[in-house]
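Working notes, beginning with the structure itself.
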Protein chains: 2
Amino acid sequence: MGTVSKALSLLAYFNHGRTGIGLSDLTRLSGMNKATVYRLMSELQETGFVEQTGSDRSYRLGPQLLRLAALREAAVPILSVSRQVLRELSDETGETTHLSLLQGSQLNSLSHAYSPRNATRVMMEDAKVLTFHGTSSGMAVLAFAEPDFAETILSQPLEARTPETLTDPERIRAQLDGIRKSGIAVSVGGFEEDVHSHAVPIFDPDRKVIGALAVAAPASRMTAEQKQLIPAALRRAGATLTYRIGGSAPAGFPQDETA
Amino acid sequence: MGTVSKALSLLAYFNHGRTGIGLSDLTRLSGMNKATVYRLMSELQETGFVEQTGSDRSYRLGPQLLRLAALREAAVPILSVSRQVLRELSDETGETTHLSLLQGSQLNSLSHAYSPRNATRVMMEDAKVLTFHGTSSGMAVLAFAEPDFAETILSQPLEARTPETLTDPERIRAQLDGIRKSGIAVSVGGFEEDVHSHAVPIFDPDRKVIGALAVAAPASRMTAEQKQLIPAALRRAGATLTYRIGGSAPAGFPQDETA
DNA sequence: AACCAAAGGTTCGCATAATGAACCGTTTGA
DNA sequence: TCAAACGGTTCATTATGCGAACCTTTGGTT
């Protein structure tokens with residue numbers, strides 16, 4: 001691993017639960033030498049990718065990221081485009097909707113919308129890591145990713161987040177086959193208990209899957225009517241989003257024209 | 001300059017006008033060796049900071065930035081907090097408002113809001129670089145930054161973007177004194193012609209200036225009434241924003257209680 | 001107030017990892 | 001049809017990053 005990768009890998013230790021990390025903690029987390037971590041962080045600081053807080057001297061992610069993310073959005077406006085799609089889909093279904101994108105071999109939630117219709121909602125946080133197994137978004141992505149990629153993911157140990165999480169690779173493969181046929185993934189309580197969610201894959205101009213659009217509802221609200229309405233609305237919204245970002249579904253992606 | 005800084009400095013060549021850059025262009029722009037640029041970009045690509053488009057093989061900013069920016073926002077929610085403040089300020093003034101943040105020694109526009117009240121508006125783009133001289137935001141920041149910082153900026157050649165741009169360091173220093181007294185900066189056509197803008201500084205918990213909040217209006221709409229209303233509303237909004245992000249104005253910052 | 005432990009930060013000889021001139025194979029367009 | 005420009009690769013040279021050990025500061029305990 002080159003020096004640059006090493007430095008950037010340090011940024012991966014930041015998350016919602018740990019927004020500030022001191023030098024020693026970062027040394028322990030990364031397993032690198034303290035002097036190395038110090039030098040790398042100093043360089044990241046010079047370039048504004050991290051900053052040190054005035055109070056203690058712990059590091060946190062820096063403002064330069066905001067600028068670069070805004071430029072990324074200007075070049076590839078997935079998030080800005082998705083916001084409208086998410087809002088409309090939330091309005092239509094009365095439930096929480098979210099978009100997750102594939103980044104390397106990791107799936108991250110990146111944008112979401114709530115519906116004001118119901119007092120109880122599934123809550124979402126942006127920049128959270130989603131597992132592939134056990135989330136409808138993850139399954140939707142896996143089903144349409146390169147077969148090698150799916151196999152790599154399934155060959156790793158699969159943790160059960162809830163008693164409902166499916167962890168047997170063989171049964172997951174069977175589900176993926178079903179998703180490839182239907183074009184939509186369903187998960188009941190596989191990531192958070194009592195959450196029933198649907199997801200469809202999103203494709204880029206090269207017809208590669210880049211993420212998933214999902215609707216998450218409290219299981220108690222999934223009436224027969226909602227079980228009809230949500231998948232139909234979600235398919236339409238997914239097709240719209242893929243289209244708006246200039247993408248296209250791969251040959252063989254099920255076109256559900258019954259909706 | 002270390003390898004990490006070198007790699008990250010390559011990202012600085014991306015901007016609104018140039019969202020995709022090929023290997024050879026990047027080599028020319030950076031003045032580095034082609035093999036070096038190639039290796040650095042390969043590492044940035046591995047970590048998702050850039051990606052290569054399928055069509056030509058040019059690089060563009062990568063999706064990892066979205067994730068990290070979202071985490072930065074989770075830690076320091078300046079943008080999300082500002083959005084509400086910007087919207088309210090736009091509603092109140094009927095004009096375009098924007099927030100810019102200091103990143104290193106560069107001031108960048110990062111968030112904005114329009115008012116639907118008028119058909120003609122000052123248009124804004126996020127992630128644009130603002131000059132310090134000639135923009136009200138830049139002057140507001142300079143006036144309350146460390147004196148060394150202001151002097152460093154003023155000692156560099158100051159480009160005149162319009163005939164109205166003030167480029168004489170001595171006259172700029174005089175203006176800065178005035179801004180320190182009044183707590184608000186005004187610029188008429190210094191960055192874009194026919195744009196009249198006001199700006200106030202925003203402070204962090206260490207009472208350091210981190211950026212500026214601004215209202216930009218077509219010069220033709222700046223009636224005597226607006227010249228009263230806008231500064232008053234802007235001062236209130238600036239104080240609110242500084243407060244909401246946990247910041248405080250430094251001792252001696254003019255508290256305009258006449259509003 | 002004396003002590004200790006753990007924090008952030010620094011030093012310096014050594015060896016690894018970055019460098020760049022020159023070199024491929026492809027693509028493009030004159 | 002051919003040359004120029006592209007992305008990508010090689011390999012000897014050496015600059016650069018590395019880590020054990022060492023400071024200095026900080027905050028809590030006795």
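Convention: sequence-line order gives letters A, B, ...; per-chain numbering from 1.
For B/P250, the side-chain contact (heavy atoms from CB on, under 4.5 Å) criterion is met by B/F203, B/R207, B/F253, not counting sequence neighbours.
Distance, A/R28 CZ to C/dG8 C1': 12 Å, rounded to whole Å. Separating the CG atom of A/D56 from the P atom of D/dT26 is a distance of 13 Å, rounded to the nearest angstrom. Per the geometry, CD belonging to B/Q52 stands 10 Å off C1' belonging to D/dG8, to the nearest Å. Remark: C1' of D/dA15 and CE of B/M32 are 15 Å apart, rounded to the nearest angstrom.
Within a heavy-atom distance below 4.0 Å of DNA chain D, the residues of residues 34-51 of chain B found are B/K34, B/A35, B/Y38.
Contact annotation: A/S24 side-chain N/O to C/dG8 OP1/OP2 distance is under 4.0 Å. For the OP1/OP2 pair of C/dA18 and a distance below 4.0 Å, the side-chain nitrogens and oxygens of A/T3 include at least one atom meeting the criterion. At the phosphate of C/dG9, OP1 or OP2 sits under 4.0 Å from a side-chain N or O atom of A/Y59.
Listed by first and then second residue, the side chain to side chain donor-acceptor pair (under 3.5 Å) pairs involving residues 64-85 of chain A are A/R67-B/N108, A/R72-B/E51, A/E73-A/S80, A/Q84-A/E88 (not counting sequence neighbours).
For the residue pair A/L71 and B/L61, the shortest heavy atom distance occurs at CB-CD1, 3.5 Å.
Position along DNA chain C of the nearest nucleotide to A/K6 versus A/L23 favours A/L23 as the more 5'-ward residue. Along DNA chain D, the nucleotide nearest B/N33 and the nucleotide nearest B/D25 are compared for position; the residue whose nucleotide lies closer to the 5' end is B/D25.
Side-chain contact annotation: A/T162 with A/E193, donor-acceptor N/O pair under 3.5 Å absent.
The six-membered or imidazole ring of B/Y13 lies away from that of B/Y59, with a centre-to-centre distance of 6.0 Å or more.
Ion pairing of B/E192 with B/R161 is present here, as a side-chain N (NZ or NE/NH1/NH2) and a carboxylate O approach within less than 4.0 Å.
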